[in-house]
Structures are given as C-alpha cells and as structure tokens.
Protein chains: 2
Amino acid sequence: MVPRPGAHECGTEATMDLIGGKWKVSLLWVLAQRSARFGELRRALPGITEKVLAAHLREMESGGLVHREAHDEVPPRVEYSLTPLGCSLNEALEPLGKWGREHLLATG
Amino acid sequence: MVPRPGAHECGTEATMDLIGGKWKVSLLWVLAQRSARFGELRRALPGITEKVLAAHLREMESGGLVHREAHDEVPPRVEYSLTPLGCSLNEALEPLGKWGREHLLATG
DNA sequence: CTGTATCCCTCGGGATACTG
DNA sequence: CAGTATCCCGAGGGATACAG
C-alpha cells in the first residue's frame, strides 16, 4: 500500500476519461443488465439525443467496453452489449455507487 | 444483488458529479497523502491554474470533501485537508484506479 | 429502426493581470 | 502567500431535420 505518488490517480484518471461522457455510466449500467438495441437504449435513457447516444456508443466501442452486433435484416436490427472489459469496469464502479448511496442519497 | 434499475447508477452518477471537475480526483489523491497549502497543491498539480484550483477547492469544500483552515498569520497560511468523507470517497475510488492500472496502463 | 448532418449554445477551463 | 477579476476559447451536448 501507499504506492508512490501517481500510482493511484494515474489509473483513476485514465479510467475517468473512458467514462467521462455525460451518459456513459448510465449506458454501462443499462447494458450490464441486458444487451439492448439502439431504440431500447434511447428509451432507457430519457433525455439523451440520438446524436449523443450514437457518439457515446462509438466511443465506448472503440474503448473496448461495448460490443456492437449488426444483424442484416429489415428493418435493421443492432444489438449492443457489454464486453467482459466493460463488465469489469461496471463492477469497479460499484464501490462508487455504494458510496454515493450511503453518503449522497442518504435514504436511510 | 441485481437491485432494481437505477439503484447502482443513481449513486454512481451523484458521486461522479462531485468529482467531475478536471482536477478533482488528483486533488483528492494529493490531499489523501498529506494536507497541504494552496501553493503546495498548485505545485503538486502542474498545469492547473490558480482560478481553477481555487474553484475546485471551494466546490469540494462545500461538498464536505475538503476542510479549509486559515491561520491568521503573515504571510497568510491556509491548510487544506481531506475530511473523513473525502477520505472515504478516495478509498471508494481505488477500485477504479486498480482497474485502470490493470486494463489501461498495461505496464506489465 | 438505426443512425448522420447541421447548427447552436452553454460552460468548464486556460491565460493573464491584479490585490490584501 | 493566497487568492480575485477578466477575458477568451473549444469541446461537449442539445435540437432538429434528414437518410438508408
């Protein structure tokens, strides 16, 4: 423990960059529950626009977090799901969620 | 587990708002190592401007993460430190740092 | 249904200078 | 030393329309 200065925040900030988009954490969470289509994601994230949803998905895909699978049908059908990497990131996020629930939402 | 949709990302996003500033995670980390004065923080975070450092500190203070203690001396001396809450948040951030080190920095 | 293409606009952050 | 006061800028997002 107590690694040299830099060891902690370096990894943390690199990670924060990956999920820095406004809706990315939510996206990660939704896809952790079940894979979903573009329209399902849009409905699951009320307020997000198509442009931003598409952009976030592309970024998360290129970051290796999300897998995109296009089925060649009519009407078009595209399934988005979390990669194992995306899954593990979502799990690494859980302590933050727990902290927020305990200290911010203060429901109990 | 598998709480109802919303339970996870809700707390997570609330937390993300707290540390959303560009330098806040670093600030949290630096202050977790030792309390420090304004000038020390500035030097510890090469590239940050005084304006942004001051703004971040004020926000983190009002969020209950940081404690500010002004000593009435000349020259002026102000000590910043982490509150227990700030400390616990820094700890909740550690899994994210570990994840980043393992999957992003890929040093090994 | 699954996206692109534009246009617009806020706001977080940088540069710089100045003050108690 | 520890900040404020201005001015500026670009990126990220929102709204809307259109396309395959």
Side-chain angles (χ1 to χ4, degrees), chain A residues 9 12-31 34-63 65-83, chain B residues 9 12-31 34-63 65-82 86:
Chain A
E9 83 283 18
T12 307
E13 289 179 354
T15 307
M16 296 287 285
D17 283 344
L18 259 190
I19 52 177
K22 180 170 178 182
W23 304 84
K24 284 186 185 167
V25 171
S26 300
L27 220 27
L28 211 60
W29 166 257
V30 170
L31 287 176
R34 49 167 177 20
S35 60
R37 306 172 55 172
F38 189 88
E40 293 177 317
L41 291 173
R42 186 177 34 187
R43 282 187 294 276
L45 270 34
I48 198 174
T49 63
E50 297 164 342
K51 171 193 167 187
V52 171
L53 176 54
H56 280 183
L57 284 171
R58 268 184 273 112
E59 289 164 15
M60 293 170 77
E61 190 190 356
S62 86
L65 264 26
V66 161
H67 173 68
R68 177 185 190 275
E69 185 148 13
H71 304 262
D72 215 347
E73 313 172 350
V74 279
R77 184 172 130 247
V78 180
E79 290 276 344
Y80 290 96
S81 57
L82 243 45
T83 62
Chain B
E9 84 282 18
T12 307
E13 290 179 354
T15 306
M16 296 287 285
D17 283 343
L18 260 189
I19 53 178
K22 180 170 179 183
W23 304 85
K24 285 186 184 167
V25 171
S26 301
L27 218 28
L28 211 60
W29 166 257
V30 171
L31 287 175
R34 50 166 176 22
S35 60
R37 306 173 55 172
F38 189 88
E40 292 177 319
L41 291 173
R42 187 177 32 188
R43 282 186 295 277
L45 270 34
I48 198 173
T49 63
E50 298 162 343
K51 170 192 167 186
V52 171
L53 177 54
H56 280 184
L57 285 171
R58 270 186 270 111
E59 289 165 14
M60 293 170 77
E61 190 191 355
S62 87
L65 264 26
V66 162
H67 173 68
R68 178 186 190 275
E69 186 148 13
H71 304 262
D72 214 348
E73 313 172 352
V74 278
R77 186 173 127 245
V78 179
E79 289 278 343
Y80 291 95
S81 57
L82 244 45

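Side chains are part of it too, since the values below use all heavy atoms of this structure and drop only hydrogens, waters and symmetry mates. Below, read A as the first sequence line, B as the second, and so on, with proteins coming before strands; counting in each chain starts at 1. Just so it is clear, the structure is predicted and the values come from calculations on it, not from any experiment.
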Kindly point out which of D:dA15, D:dT6, C:dG3 is positioned nearest to the side chain of A:K51? D:dA15

Euclidean distance, atom CZ of residue A:R68 to atom P of C:dC1 [Å, nearest integer]: 16 Å

Is B:R43 near enough to D:dA2 that one of its side-chain N or O atoms lies under 4.0 angstrom from OP1 or OP2? no

D:dA2 OP1/OP2 closer than 4.0 Å to side-chain N/O of B:R37: yes

For A:G21, report the nucleic acid contact type (base, sugar-phosphate, nothing); a contact means any heavy atom under 4.0 Å. sugar-phosphate

Specify the separation, in whole Å, of atom CD1 of A:I48 and atom P of D:dA15. 12 Å

Atom CD of B:E69 and atom C1' of D:dA2 are separated, to the nearest Å, by 16 Å

Report yes if some heavy atom in the side chain of B:L82 is under 4.5 Å from a heavy atom in the side chain of B:V66; otherwise report no. yes

Rounded to whole angstroms, how far apart are CZ on B:R42 and P on D:dC1? 7 Å

Check whether any side-chain N or O of B:Y80 sits under 4.0 Å from OP1 or OP2 of D:dG3, and answer yes or no. yes

Given side chains that start at C-beta, do those of A:M60 and A:L27 come closer than 4.5 Å, heavy atoms only? yes

B:P76 side chain: which of C:dT2, D:dA2, D:dT4 is closest? D:dA2

5'-most by nearest nucleotide on DNA chain D - B:R58 or A:E59: B:R58

Of the options C:dG13, C:dA15, D:dA2, whose atoms approach the side-chain atoms of B:H56 most closely? C:dG13

So do B:V25 and A:M16 actually touch side chain to side chain, heavy atoms under 4.5 Å? yes

Which nucleotide sits closest to the side chain of B:F38: C:dG13, C:dG3, D:dA2? D:dA2

Side-chain donor/acceptor contact of B:E50 with base of C:dA17 under 3.5 Å: yes

Counting only side-chain heavy atoms from C-beta out, which of D:dC7, C:dC1, D:dA2 sits nearest to A:P75? C:dC1

Are side-chain heavy atoms of B:R34 and B:E40 found at a separation under 4.5 Å? no

Checking D:dT4, C:dT2, D:dG14 against the side chain of A:V52 (C-beta onward), the nearest is D:dG14

Decide yes or no for A:L57 and A:Y80: does some side-chain heavy atom of the first lie under 4.5 Å from some side-chain heavy atom of the second? yes

Atom CG of B:L53 to atom P of D:dG3: distance rounded to whole Å? 8 Å

Which whole-number value in Å describes the distance from B:L57 CG to D:dC1 C1'? 14 Å

Any N or O donor-acceptor pair linking the side chain of A:K22 to the base of D:dG12 at under 3.5 Å? no

Given atom NE2 of B:H71 and atom P of C:dG20, what is their separation to the nearest angstrom? 23 Å

